[in-house]
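Chain naming here is simple, since letters A, B, ... match the order of the sequence lines and numbering starts at 1 in each.
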There are 2 protein chains.
Amino acid sequence: MSGDAGSYDVTHYERPSVTVDVVLFALRDQELQVLLVRRSGWPYQGYWAIPGGFVHMEESLDEAALRELEEEAGVSDVYLEQLYTFGGPDRDPRTRVITVAYMAVVSADQISLRAGSDAAEARWWSMSALPGRLAFDHAEILSYALTRLRYKLEYTAVGFQLLPEEFTLPELQTAYEIILGEKLDKANFRKKLARGNVVESTGRYRETGGRPAELYRYREDAVAEVKARRLFP
Amino acid sequence: MSGDAGSYDVTHYERPSVTVDVVLFALRDQELQVLLVRRSGWPYQGYWAIPGGFVHMEESLDEAALRELEEEAGVSDVYLEQLYTFGGPDRDPRTRVITVAYMAVVSADQISLRAGSDAAEARWWSMSALPGRLAFDHAEILSYALTRLRYKLEYTAVGFQLLPEEFTLPELQTAYEIILGEKLDKANFRKKLARGNVVESTGRYRETGGRPAELYRYREDAVAEVKARRLFP
DNA sequence: TAAATAGTGTCTCTTAGACAATATTAT
DNA sequence: ATAATATTGTCTAAGAGACACTATTTA
């Protein structure tokens with residue numbers, strides 16, 4: 001017992017397995033997409049699942065999640081956040097498996113398409129056209145992740161992670177609209193950004209067919225605040 | 001691998017231990033207090049710790065947390081919420097221990113003072129006068145729990161859990177002030193409550209020395225929304 | 001000039017916060 | 001009446017949302 005009287009020999013108890021599962025989001029083809037892998041063996045053979053794997057004995061949970069991202073999706077340097085731990089006794093028919101769910105967010109240009117050294121089949125799915133049934137309780141995890149992403153979008157800078165380093169404000173707004181699933185008002189969107197003081201102009205412009213759009217980057221110290229509460233006050 | 005190709009025999013891997021640790025908050029003596037237990041053995045012998053224990057193989061994480069609460073504090077029927085999972089490889093010198101941290105909130109009248117059938121010494125500590133050093137990474141967990149409690153207070157009905165079933169609005173306001181550590185404006189506090197539509201009058205009054213205060217209870221369907229976002233819109 | 005896209009101004013309504021006023025009890 | 005406490009009203013400033021306007025480019 002971690003916080004208990006402590007007269008136990010911790011090696012005596014039967015132990016569950018612990019995994020991390022990582023919901024990886026990206027904006028692709030003007031959609032919010034998620035990376036899933038196809039299971040080749042029992043249970044849920046042929047079903048699509050959130051990528052994940054065992055936590056090794058010498059690594060932290062965050063390290064395990066980053067390692068899985070690297071192995072299965074070939075991505076590094078991502079925004080990563082622990083979501084929730086799912087541990088129902090029957091969620092995996094093989095044995096007791098407790099999984100720590102993570103959410104990761106990348107921009108499309110960070111994705112290296114070698115889909116992972118594991119031979120497992122992996123592909124991106126649009127959040128609006130997912131497979132009918134996912135393996136294990138992964139539909140629940142995915143739903144939880146989407147809720148969290150939308151929520152975070154409102155008061156942190158996580159949205160910037162979905163775009164390349166430089167972006168125009170219309171691009172950023174479109175990204176927000178895709179994730180939130182609703183249209184936003186240009187003027188109000190910009191007012192909010194200005195108040196939060198999270199982006200700065202690069203001085204360059206992108207040609208668009210009409211009036212060129214100014215290119216922005218997010219401010220360095222705003223990045224540090226990504227995890228802080230109420231970035232937009 | 002929970003979501004992986006699945007050709008692994010999950011019994012082959014060395015497994016960490018999994019515990020739940022439960023931060024139990026209550027309002028006592030006009031203070032926010034937390035229940036801690038004193039460790040009797042190595043490691044951190046004599047140090048105070050957040051109550052917790054192993055997750056059994058046949059119970060869910062929530063069930064494990066509720067069982068610990070019952071065993072170590074004699075409380076049941078509490079507000080319980082999973083916080084975060086701490087899993088650094090060296091957080092326990094005995095072996096790899098991953099702990100799922102929970103927060104629980106009770107009203108003082110729910111506490112049965114038989115402090116737990118475990119012989120371990122347990123007592124309440126004021127959050128403003130904690131022991132200098134806690135066992136393991138429990139100071140971090142406690143700090144995380146306090147942050148979450150304050151945050152939740154602003155947009156859910158978790159505050160009601162700290163009071164008996166019937167309460168006056170000045171009592172409720174005082175509870176909020178104690179937890180947030182700041183004075184609130186009477187009128188604005190009541191406006192917020194009214195907008196949220198979370199309390200209803202019982203028609204009875206409590207004598208106070210001045211004008212009697214009306215007794216309220218929280219509305220049943222508001223209880224169901226405790227976990228929903230933005231109870232106060 | 002027209003079309004397309006980017007960017008700004010402004011009005012209204014809601015809300016948060018500060019503060020003042022009124023109400024009801026006991027002594 | 002006075003003290004103590006509860007409860008309500010109001011003013012102001014800030015913010016959210018809706019909508020219209022202006023600006024700069026290409027064809």
Worksheet item: With distance as the sole criterion, do the side chain of B:Lys186 and the base of D:dT8 form a donor-acceptor contact below 3.5 Å?
Response: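 Under the 3.5 Å cut-off, the side chain and the base do not form any donor-acceptor pair.
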Nearest whole Å is fine: how far is [N] [atom2] from [X] [atom1]?
X	N	atom1	atom2	answer
B:Arg190	C:dT22	CZ	P	18 Å
A:Lys192	D:dA14	NZ	P	19 Å
A:Arg195	D:dG15	CZ	C1'	6 Å
B:Leu193	C:dT15	CG	P	15 Å
A:Arg204	D:dT24	CZ	P	21 Å
A:Leu184	C:dG7	CG	C1'	16 Å
A:Glu182	D:dG17	CD	P	9 Å
A:Arg206	D:dT25	CZ	P	16 Å

Between N or O atoms, less than 3.5 Å apart, protein on one side and nucleotides 9-14 of chain C on the other: list the pairs.
from, atom 1, to, atom 2, distance (Å)
C:dT10, O4, A:Lys191, NZ, 3.3

Using a cut-off of under 3.5 Å, enumerate the N/O to N/O pairs linking the protein to nucleotides 24-27 of chain C.
from, atom 1, to, atom 2, distance (Å)
C:dT24, O4', B:Arg211, NE, 3.4
C:dT24, O2, B:Arg211, N, 3.4

Practice prompt. Choose from D:dT5, D:dT8, C:dG7 the nucleotide whose nearest atom is closest to any side-chain atom of A:Ala213.
Written response: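 Selected nucleotide: C:dG7.
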Discussion item. Go through it in stages, so that I can follow the logic: the residues are B:Tyr218 and B:Gln161, the test is side-chain contact (heavy atoms from CB on, under 4.5 Å), and I'd like the CA-CA distance, side-chain angles, deciding distance and then a yes or no.
Written reply: CA-CA 10 Å; B:Tyr218 47 109; B:Gln161 302 298 131; 3.6 Å; yes
Discussion item. For the CD atom on B:Glu165, are there more than 12 heavy atoms of other groups (residues, nucleotides or ligands in this structure) within a distance under 6.0 Å?
Written reply: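 Not more than 12 within 6.0 Å, no.
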Practice prompt. State whether a side-chain donor-acceptor pair under 3.5 Å links B:Ser126 with B:Gln33.
Written response: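 Judged by distance alone, the side chains do not pair up.
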Worksheet item: So, A:Glu207 and A:Tyr205: side-chain donor and acceptor under 3.5 Å apart, yes or no?
Response: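 Their side chains do not contain a donor-acceptor pair, so the 3.5 Å distance test is not met.
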Fill in: Audit row: A:Gln110, A:Ser107, side chain to side chain donor-acceptor pair (under 3.5 Å) steps and yes/no
CA-CA 6 Å; A:Gln110 287 179 76; A:Ser107 60; 3.0 Å; yes
Item to complete: Decide if the gap between the ring center of A:Phe136 and the ring center of A:Tyr47 is smaller than 6.0 angstrom.
Response: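 When the ring centroids of A:Phe136 and A:Tyr47 are compared, they turn out to be at least 6.0 Å apart.
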Worksheet item: Mind checking whether B:Phe167 and B:Tyr216 have ring centres under 6.0 Å apart?
Response: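 Between B:Tyr216 and B:Phe167, which both carry aromatic rings, the centre distance is not below 6.0 Å.
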Fill in: side-chain contact (heavy atoms from CB on, under 4.5 Å) between A:Ile179 and A:Arg150, worked out
CA-CA 7 Å; A:Ile179 295 167; A:Arg150 286 178 168 162; 4.1 Å; yes
Item to complete: Scan for salt bridge (charged side-chain N to carboxylate O under 4.0 Å, His left out) pairs involving residues 124-133 of chain B, sequence neighbours excluded, and state none if there are none.
Response: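 Pairs touching residues 124-133 of chain B that pass the test: none.
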